[in-house]
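Comments concern the structure below.
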Amino acid sequence: MTRITDIELRRVLDSRGNTTVEADVATTSGGFGRAAAPSGASTGEHEAIELDAADAIERAEEAALPLLESEVDAEDQRAVDAALHEADGTENFSEIGANAAVAISMAAAKAGADSNGVPLYRHLGGTFRGQDMPTPLGNVIGGGEHAAEATNIQEFLSAPVGAPSVEDAVLANAAVHDRIKELLQAEGVPTNKGDEGAWAPPIGDAKAFDIVDEATTAVSEELGFEIGFGLDMAAAELYEDGDYVYDDGVKSTAEQIEYVAEMVREYNLVYVEDPLDENAFEAWADLTDEVGSETMICGDDLYVTNVSRLQEGIDLGSSNSILIKPNQIGTLTDAVDAIELGAEHGIESVVSHRSGETEDTTIAHVAVGAAAPFIKTGTVGGERTAKLNELLRIEGQA
Ligand SMILES: C=C(OP(=O)(O)O)C(=O)O
Ligand SMILES: [Mg+2]
């Protein structure tokens with residue numbers, strides 16, 4: 001039996017020094033799981049609600065724990081997550097907090113895996129999982145909401161799409177990160193870092209495109225496999241009164257589409273996340289029509305890991321990819337349902353960290369367990385390498 005016996009919730013620190021919720025789940029068979037909620041800075045307007053950590057803990061202890069302790073099996077993830085929804089009673093976890101919900105959901109999954117003596121990715125995905133490993137996209141230069149006085153585009157991501165293994169890919173992203181430091185230093189540009197460990201230099205977007213292009217090309221030639229790059233434009237953060245506002249000017253929606261298409265072609269971008277506002281499903285469809293056969297157009301704030309919003313995007317042809325952040329929706333069941341709905345419609349999933357993270361490694365297992373083709377979890381920094389190193393362990397085991 002893997003009946004949940006006990007759940008403990010506590011406050012711990014995230015990588016920005018803010019408090020977040022950590023959950024411990026224990027089962028009758030001696031299984032144990034621990035997980036902590038991450039936290040976003042450029043959050044989508046339609047995300048599930050993160051409460052102050054202390055409030056989330058108090059409310060979850062009161063409403064959710066009685067429905068879980070001695071009531072639900074940890075290995076039955078759908079039952080765990082259904083109990084969390086029942087305890088909350090809203091559409092967006094505004095009663096118990098998505099931070100409490102996701103910490104409990106992930107800790108219960110780990111306790112279920114531990115009770116059965118299998119790795120988490122196999123508990124989530126079954127015995128055949130672990131052969132197809134996700135390609136890690138690594139943030140190497142960024143700004144936006146993740147760093148002041150840096151690029152307007154939130155993330156420039158190294159994308160080692162030709163890497164023969166996760167190990168090669170992880171090392172390639174670290175090498176690109178390192179090469180960018182050399183290029184910045186050679187030009188006398190300060191090498192500050194943003195929230196995710198990417199360089200956050202005081203340069204414009206155009207300069208960042210050239211530096212990332214030079215670094216990925218050089219490292220690709222050295223290592224002998226293809227390394228492209230991509231972007232998270234986090235365009236909802238640039239969007240004001242119908243226009244996209246950059247330091248060097250303002251673009252209408254049509255101009256933004258034209259700009260993104262030009263950059264895709266000029267730099268052979270392999271990936272573009274959130275190129276348009278989070279409610280502009282139709283403009284997204286126009287862009288996907290134009291460049292969707294050449295690059296991945298990925299919805300983060302657009303979909304917020306929500307199957308109803310994803311269905312709208314599928315119906316309209318808004319994108320060919322979705323970002324998956326379990327804390328945007330509150331449970332692993334909801335996150336995996338979004339991956340599976342996407343896969344049924346040819347939408348590729350990118351399982352993602354948040355800018356505020358902990359040493360928790362659950363997303364590495366979710367990516368492998370749900371056979372997601374990509375994972376976005378940074379390049380350097382302990383809370384980022386925790387996930388990358390876990391992927392290396394999984395690759396070694398599988
Ligand atoms: C990881 C991201 O940032 P945040 O966690 O701040 O939303 C993102 O926008 O993809
Ligand atoms: Mg994003």
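Just follow the structure's listing: the first ligand is 1, and inside any ligand the first atom is 1.
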min-distance protein heavy atom vs atom 8 (C) of ligand 1 -> Lys325 NZ, 3.1 Å

Measure the distance from atom 7 (O) of ligand 1 to every protein heavy atom, then report the residue, atom name and distance (to 0.1 Å) of the closest one.
->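 Here the nearest protein heavy atom works out to Arg354 NH2, 2.8 Å.
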
Tell me, which N, O or S atom in Asp300 is closest to the Mg ion (ligand 2)?
->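 This turns out to be OD2.
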
How is the N/O/S atom of Glu273 that comes nearest to the Mg ion (ligand 2) named?
->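 Going through the N, O and S atoms of Glu273 one by one, OE2 ends up nearest to the Mg ion (ligand 2).
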
Any N or O of [X] closer than 3.5 Å to N or O of ligand 1:
| X | value |
| --- | --- |
| Gln154 | yes |
| Ser39 | no |
| Ser42 | yes |

Taking all non-hydrogen atoms of both residues into account, name the closest pair between Ile141 and Ala208 and its distance.
-> CG2-CB, 4.2 Å

Between the Mg ion (ligand 2) and Asp301, is there an N, O or S atom separated by less than 2.8 Å?
->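 Looking at Asp301, which is the residue asked about, there is no N, O or S atom under 2.8 Å from the Mg ion (ligand 2).
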
The Mg ion (ligand 2) contact by Asp232, N, O or S atom under 2.8 Å | yes

Indicate the ring-plane relationship of Tyr267 and Phe209, choosing parallel, tilted or perpendicular according to the 30° and 60° boundaries.
->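 It falls in the parallel class, under 30°.
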
Is NZ or CZ of Lys181 both nearer than 6.0 Å to the six-membered ring centre of Trp199 and within 45° of the ring axis?
-> no

Do His46 and Tyr303 have ring centres separated by under 6.0 Å?
-> no

